[in-house]
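All values derive from a computational prediction rather than experimental measurement.
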There are 2 protein chains.
Amino acid sequence: MDLIYLRSFLEVARCQSFTKAAENLGYVQSSVTTHIQKLENEYGVVLFERFGRTMRLTSEGEQLHRYFEQIIALYDDSKHLISRQISGHLDIGTIESLVAYFLPPVFNRFRQAFPQMNLQALPLAEPHILQLIRAGELDIGIIMDRLVCDEDIETIPLRQEPLVLVAPPGHPLAGAKSVHAKDLHDLSYIATEQTCTYRAAFENLLTAQGVAYQIQHEFGSLEAIKRLVGYGLGVGLLPRIAVDRELAEGHLVALPFAHPDITFYTQIVLHRKKWKNPAIRHLIELLAEAAETDKRLAQ
Amino acid sequence: MDLIYLRSFLEVARCQSFTKAAENLGYVQSSVTTHIQKLENEYGVVLFERFGRTMRLTSEGEQLHRYFEQIIALYDDSKHLISRQISGHLDIGTIESLVAYFLPPVFNRFRQAFPQMNLQALPLAEPHILQLIRAGELDIGIIMDRLVCDEDIETIPLRQEPLVLVAPPGHPLAGAKSVHAKDLHDLSYIATEQTCTYRAAFENLLTAQGVAYQIQHEFGSLEAIKRLVGYGLGVGLLPRIAVDRELAEGHLVALPFAHPDITFYTQIVLHRKKWKNPAIRHLIELLAEAAETDKRLAQ
DNA sequence: CGTTTCCATCGAAAATATCGATAACGATCA
DNA sequence: TGATCGTTATCGATATTTTCGATGGAAACG
């Protein structure tokens, strides 16, 4: 009898729905059905009366609900109790675009569960991150790229990452319905650093379409790029999360550029052997949660 | 995280030994090792300090021990709570040799866990039992035979069943060191009913060795056979459990007969689909336990 | 009366558990 | 010190279980 069955049961009871429970728990609906059936067989009773669109706990279901709540609460408590005692440190490699906007709240929450664990976020270039992950010198990496596919590396996509082409508010293309590559002829362009993968993808697209572009500046620092774009020195291609506030406040505008046909993901990369570490698992969970929340907010 | 891991953990802590815990729980030792490792990985801490021959719970292990005890207690409580509410009835087919000696204490214990469940024990001939099991008309059968091997039937051996050749106290072979088939020439023999499998195996053995035997009487009733043997009308081949008391009290003696090379088992048979029923599972557990206890007492 | 929204069922694929054999390791004793 | 015993860990093979995705069927909705 697996504890996840109890969790599924509690979530179904809470949501009054197998489907919603499955979504919340990250399963497909049929798996939750199976979980409940496992419980029903184990106890030999029906736990939910299923009417058409509604459902209700049976009497036995209600009795068990009380027990399961306690069991899960004890289990979670035990997890927290131990987490709080675990010390050590995690080295997290991540690209600069993320380190400032995405990670801080996650780190903060992590500290609540693992107060004795030291997190070190290292802003690094993506190829370097992958190399260190493979060497086991980083515990976890968070990058933005096409999905990494590698023998030794486990990849966990967090979310598709929209890239936006930002321009200063007065830019001639600012009001256009949609901007295509050819509209960018003789583009004046403030680029991220050379190792940046989405920069490379963008430039490949321009080159493929015969569009000339001129790199005005190259910076590792997103803040610097945003400033330069804001001063009208060119456009920049940046992850939306890095420019959300400037767009909202009108300091920059997003050009409605038809994306290159490449999907970028903010993704976690880690060495296959590091899964079992509970601190890392917890960090991954928090990251996934944060990504989910962001998605919902974006909608 | 499976609840059986917690159980393994508690048992290891109690026994101070992986090996003993495994025996008690019905696993092999390596499985228990795996269970503990699963827990250790899940929590990210070492739970037992293993010294050479001794072991000790770590501080984290002790903390978790308290939680796990509570969790398992809650789970068991929840099981009992529901068991008590389950009503229905079970039909149990069993051979006469067992119905009187083996089952009553088990039934008694069963009633404590499932007070609303009605048990009906039907003394039946073995072929009939198997037939009814296949037809789904019996919930469970308990027989004595070579291990049943059948597509639709699940077989659970309870224990090897020693057969003894019993004779009246004054029998000429009563004092012999060991009795072989050839010593039984012109044997006068009180047989169980014709459908009885161990009778068939015994007779095959005699025939194979060219030993003539004469069946004096044939009875379905063990009591009758014992009486006739006691009166000196011949010897009888019976399961030891059925004549334990008579042997102890000296009303009958066991001839030290070298067994036919066939192993008999008291075994549970049930339809493959009836596993999931918790009442049946509990009954099976009790039967297995009773068999274990008997084995230990016999030693 | 079709459409939508659920849950149950099923087969295939993936993940996991179990076993049995064996290695490794420490304790004990010669 | 070395041999042996009792114990746990590791490993590969096999069996079982879990998960998913597709599909079916039933009730509600418009």
(message) Without decimals, in angstroms, what is the distance between B/D2 CG and D/dT18 C1'?
(response) 12 Å

(message) Without decimals, in angstroms, what is the distance between A/I4 CD1 and D/dC20 C1'?
(response) 14 Å

(request) Looking only at side-chain atoms of B/Y27, point me to the closest of C/dC7, D/dT8, C/dC19. (result) C/dC19

(message) So A/Y5, base contact, sugar-phosphate only, or nothing? Heavy-atom distance under 4.0 Å.
(response) sugar-phosphate

(message) I'd like to know if A/K276 pairs up with B/E40 as an ion pair, taking the criterion as any Lys NZ or Arg NE/NH1/NH2 lying under 4.0 Å from an Asp or Glu carboxylate oxygen.
(response) no

(request) Please state how far atom NZ in B/K20 lies from atom P in D/dG6, giving the value in whole angstrom units. (result) 11 Å

(message) Determine whether A/E62 and A/R56 satisfy the following criterion, salt bridge (Lys or Arg N to Asp or Glu O under 4.0 Å), listing intermediate values before the conclusion.
(response) CA-CA 9 Å; A/E62 276 189 41; A/R56 203 176 58 206; over 6 Å; no

(request) Nearest-nucleotide wise, let me know which of A/V28 and A/F51 is further upstream toward the 5' end of DNA chain D. (result) A/V28

(message) So, does B/T33 get its side chain near the phosphate of D/dA9, meaning an N or O under 4.0 Å from OP1 or OP2?
(response) yes

(message) At less than 4.0 Å, is any side-chain N or O atom of B/K38 found next to OP1 or OP2 of C/dA17? Yes or no.
(response) yes

(message) Please determine whether a side-chain nitrogen or oxygen atom of A/T19 lies at a distance below 4.0 Å from atom OP1 or OP2 of C/dC7.
(response) yes

(request) Using only side-chain N and O atoms of A/H35, determine if any of them is under 4.0 Å from OP1 or OP2 of D/dT19. (result) yes

(request) Could you check how far CD1 of A/I36 sits from P of D/dT19, rounded to whole Å? (result) 12 Å

(message) Measuring from the side chain of A/S30 (C-beta onward, heavy atoms only), which nucleotide among D/dC20, D/dT18, D/dT8 has the closest atom?
(response) D/dC20

(message) Tell me whether the side-chain N/O atoms of A/S31 come closer than 4.0 Å to OP1 or OP2 in D/dT18.
(response) no

(message) Expressed as a whole number of angstroms, how long is the span from A/Q29:CD to C/dC6:P?
(response) 10 Å

(request) Please lay out, stage by stage, how A/R14 and A/E11 fare under the test salt bridge (Lys or Arg N to Asp or Glu O under 4.0 Å). (result) CA-CA 5 Å; A/R14 197 174 70 82; A/E11 191 63 16; 2.7 Å; yes

(request) Measure from the side-chain heavy atoms of B/F18 and tell me the nearest of D/dA9, D/dT7, D/dA22. (result) D/dA9

(request) Send over the distance from A/L25 CG to D/dT19 P, rounded to a whole Å. (result) 11 Å

(request) Could you tell me the separation between the CD atom of A/Q37 and the C1' atom of C/dC10, rounded to a whole number of Å? (result) 12 Å

(message) In whole Å, I'd like the distance from the CE atom of B/M55 to the C1' atom of D/dT8.
(response) 8 Å

(message) Check this for me: does any side-chain nitrogen of one of B/R7 and B/D76 sit under 4.0 Å from a carboxylate oxygen of the other?
(response) yes

(message) Is B/R50 close enough to C/dC25 that one of its side-chain N or O atoms is under 4.0 Å from OP1 or OP2 there?
(response) no

(request) From the options B/F9, B/Y5, B/F18, select the one residue that forms a side chain to side chain contact (heavy atoms under 4.5 Å, CB included) with B/H35. (result) B/Y5

